[in-house]
2 protein chains.
Amino acid sequence: MAKPRIPPANGDSPDRWEAQLRKGALEMAALASLWQGPLYGLEIIRFLESQSSLVLAEGTIYPILNRLKAEDLLAAEWVEVETGHPRKYYSLTESGRHRLRRMADAWMSFSGGLSRLLGPVLERQEIAP
Amino acid sequence: MAKPRIPPANGDSPDRWEAQLRKGALEMAALASLWQGPLYGLEIIRFLESQSSLVLAEGTIYPILNRLKAEDLLAAEWVEVETGHPRKYYSLTESGRHRLRRMADAWMSFSGGLSRLLGPVLERQEIAP
DNA sequence: GCATAATACTTTGCTAAGCTAGGTATGTTG
DNA sequence: CAACATACCTAGCTTAGCAAAGTATTATGC
């Protein structure tokens with residue numbers, strides 16, 4: 001009984017590029033989701049979806065979390081909950097906070113450059129009655 | 001005599017994530033560089049570098065251009081120049097302009113979501129006496 | 001005129017990363 | 001105990017950028 005997930009995303013669909021855009025931004029987003037406090041895996045997925053419209057599959061977030069943990073940017077801790085199953089809570093390490101700040105800086109610069117580039121493209125769209 | 005290009009970028013360097021960020025943004029950037037008029041390959045590289053700090057290798061831009069051309073988002077035309085060698089000028093097709101506009105919209109939404117996410121991270125940096 | 005250099009475009013092979021589609025483990029409910 | 005829900009993990013595929021090489025055309029040096 002396969003859980004129906006995100007639609008297949010046809011190989012040559014015009015939306016494919018959008019999927020690629022996400023690459024690399026996801027690590028940063030995962031780190032950012034923990035800025036205000038620890039969350040566990042599925043919670044991160046829900047947080048990102050609600051806060052930034054980023055939709056990640058489980059098969060995407062867990063490898064990312066493991067990668068970040070291997071780099072000591074995250075710490076993980078199993079927590080038993082009364083009503084439920086153990087959860088692995090992730091939190092930012094000191095080095096993770098530091099890295100995230102640098103990533104955020106680089107992101108602003110990167111996205112600024114791109115937005116500048118897109119300025120002329122978007123210009124005429126300011127027809128908003 | 002191999003041309004020395006972009007520095008090696010050590011495999012596990014802390015900058016690797018930055019390289020990934022670019023993925024997917026490059027197609028859009030390539031299209032955007034042609035918004036104001038046709039350019040040829042190397043010119044696109046120089047344009048992006050000067051306008052947005054995006055540095056692309058030749059082995060990166062040409063596959064992108066061919067991909068975009070195969071999708072009819074770009075048109076290509078060989079042009080002979082007096083002092084020099086033939087150049088392949090790329091220009092946006094109607095469908096390319098249309099797609100770029102949609103990409104730009106999606107980009108603004110995507111980058112807006114991420115910037116919102118990064119808000120708290122960047123907040124404390126406004127200590128500028 | 002043939003070698004060298006410069007410019008411009010192309011191709012090959014590698015690697016990294018996300019995604020689909022499974023799977024496992026733990027706990028709850030009938 | 002069976003069925004289900006929650007939470008986490010893994011394998012294999014695909015895509016895309018990149019480094020490094022190669023080809024083609026024109027200009028320059030001897």
Side-chain angles (χ1 to χ4, degrees), chain A residues 1-13 15-30 39-46 48 54-70 76-90, chain B residues 1-13 15-30 39-46 48 54-70 76-90:
Chain A
M1 195 180 298
K3 308 184 225 171
R5 282 197 210 282
I6 304 161
N10 190 331
D12 54 320
S13 107
D15 305 324
R16 270 225 50 69
W17 78 273
E18 210 168 344
Q20 292 308 316
L21 230 199
R22 306 150 45 83
K23 296 204 176 188
L26 298 188
E27 273 193 11
M28 181 174 61
L39 299 173
Y40 65 94
L42 292 184
E43 215 173 4
I44 294 177
I45 293 180
R46 296 188 204 111
L48 289 178
L54 246 48
V55 181
L56 288 84
E58 297 174 29
T60 299
I61 193 67
Y62 290 112
I64 288 179
L65 291 173
N66 288 332
R67 225 156 54 221
L68 294 173
K69 182 169 180 299
E77 186 191 9
W78 282 102
V79 174
E80 311 275 340
V81 276
E82 298 175 10
T83 166
H85 350 270
R87 296 165 177 172
K88 204 177 197 172
Y89 276 84
Y90 290 90
Chain B
M1 193 181 300
K3 308 185 222 173
R5 282 198 210 283
I6 303 161
N10 192 331
D12 54 322
S13 107
D15 306 324
R16 270 225 50 67
W17 78 273
E18 209 169 344
Q20 291 309 316
L21 231 198
R22 307 149 45 82
K23 295 203 173 190
L26 297 189
E27 275 194 9
M28 183 175 60
L39 299 173
Y40 65 94
L42 292 184
E43 213 172 5
I44 294 177
I45 292 180
R46 297 189 204 113
L48 290 178
L54 247 50
V55 180
L56 289 83
E58 297 174 30
T60 299
I61 193 68
Y62 290 112
I64 288 177
L65 291 173
N66 288 332
R67 227 154 53 221
L68 295 173
K69 182 168 181 300
E77 185 191 9
W78 282 102
V79 174
E80 311 277 339
V81 276
E82 298 176 13
T83 166
H85 350 271
R87 297 164 176 174
K88 205 178 196 173
Y89 275 85
Y90 290 91

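Keep in mind that what you see is a predicted model, and the values were worked out from it rather than measured. In the text below, chain A, chain B and the rest are named by the order of the sequence lines, each starting its count at 1.
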Grab the CD1-P distance between Ile64(A) and dC19(C) for me, whole Å please. 8 Å
To the nearest 0.5 Å, what is the distance between CH2 on Trp17(A) and CZ on Arg22(A)? 11.5 Å
Please state how far atom CG in Leu21(A) lies from atom C1' in dG18(C), giving the value in whole angstrom units. 13 Å
With a non-hydrogen cut-off below 4.0 angstrom, is Glu80(A) in contact with a base, only sugar-phosphate, or nothing? sugar-phosphate
Between Arg87(A) (side chain only) and Glu77(A) (backbone N and O only), is there a donor and an acceptor less than 3.5 Å apart? no
Please give me the minimum heavy-atom distance between Ala76(B) and Tyr90(B), naming the atom from each residue. CB-CE2, 3.7 Å
Name the residue closer to the 5' end of DNA chain C, choosing between Gln20(B) and Pro86(A) according to the nucleotide with the nearest heavy atom. Gln20(B)
Hey, is the side chain of Tyr62(A) poking within less than 4.0 Å of OP1 or OP2 on dT10(D), counting only N and O atoms? no
Residue Asn66(A), side-chain atoms from C-beta onward, closest of dA7(D), dT10(D), dT10(C): dT10(D)
Take atom CD of Glu27(A) and atom P of dA17(C), then tell me their distance rounded to the nearest Å. 6 Å
Between dC9(D) (P) and Ile45(A) (CD1): distance, integer Å: 12 Å
Under 4.0 Å from OP1 or OP2 of dC19(C): is there any side-chain N or O of Arg22(A) that close? yes
Looking at every heavy atom in both Ile64(A) and Ala30(A), which two are closest together, and how far apart are they? CG2-CB, 4.1 Å
Side-chain N or O of Tyr40(B) versus OP1/OP2 of dC9(C): is the shortest distance under 4.0 Å? no
Taking 4.0 Å as the cut-off, does a side-chain nitrogen or oxygen of Arg67(B) come that near to OP1 or OP2 on dT15(D)? no
Within the supplied structure, the quantity of interest is the number of heavy atoms (other residues, nucleotides, ligands) at a distance under 6.0 Å from Glu43(B) CD; does it exceed 12? yes
Please work out if Tyr90(A) contacts a base, only the sugar-phosphate, or nothing of the nucleic acid, heavy-atom cut-off 4.0 Å. sugar-phosphate
Provide, to the nearest angstrom, the distance between the CZ atom belonging to Arg87(A) and the P atom belonging to dA5(D). 17 Å
So, using side-chain hydrogen bond (donor to acceptor under 3.5 Å, both in side chains) as the criterion, who are the partners of Arg67(A) when residues are at least two apart? Glu27(A)
For Gly41(A) and for Lys23(A), find the nucleotide of DNA chain D with the closest heavy atom, then tell me which residue's nucleotide is more 5'. Gly41(A)
Once you round it to whole Å, what is the distance between P of dA8(C) and CD1 of Ile61(B)? 14 Å
Roughly, in whole Å, what's the span from CG in Leu65(A) to C1' in dA17(C)? 14 Å
So which protein nitrogen or oxygen atoms get under 3.5 Å of nucleotides 28-30 of chain C's nitrogens or oxygens?
{"unit_1": "dT28(C)", "atom_1": "OP1", "unit_2": "Glu82(A)", "atom_2": "O", "d": "3.3"}

Nearest-Å distance for atom pair CD1/C1', residues Ile44(A) and dG18(C): 16 Å
Distance col, row Leu68(B):CG vs Ile61(B):CD1, nearest 0.5 angstrom, shows 8.0 Å
For dT10(C), take OP1 and OP2 only and decide whether either is under 4.0 Å from a side-chain N or O of Lys88(B). yes
Between Ile44(B) and Leu65(B) the two heavy atoms that sit nearest each other are CD1-CD2, 3.9 Å
Does dA8(C) have its OP1 or OP2 closer than 4.0 Å to a side-chain nitrogen or oxygen of Arg46(B)? yes
Looking only at dA16(D), dC8(D), dT7(C), the nucleotide nearest the Leu42(B) side chain is dT7(C)
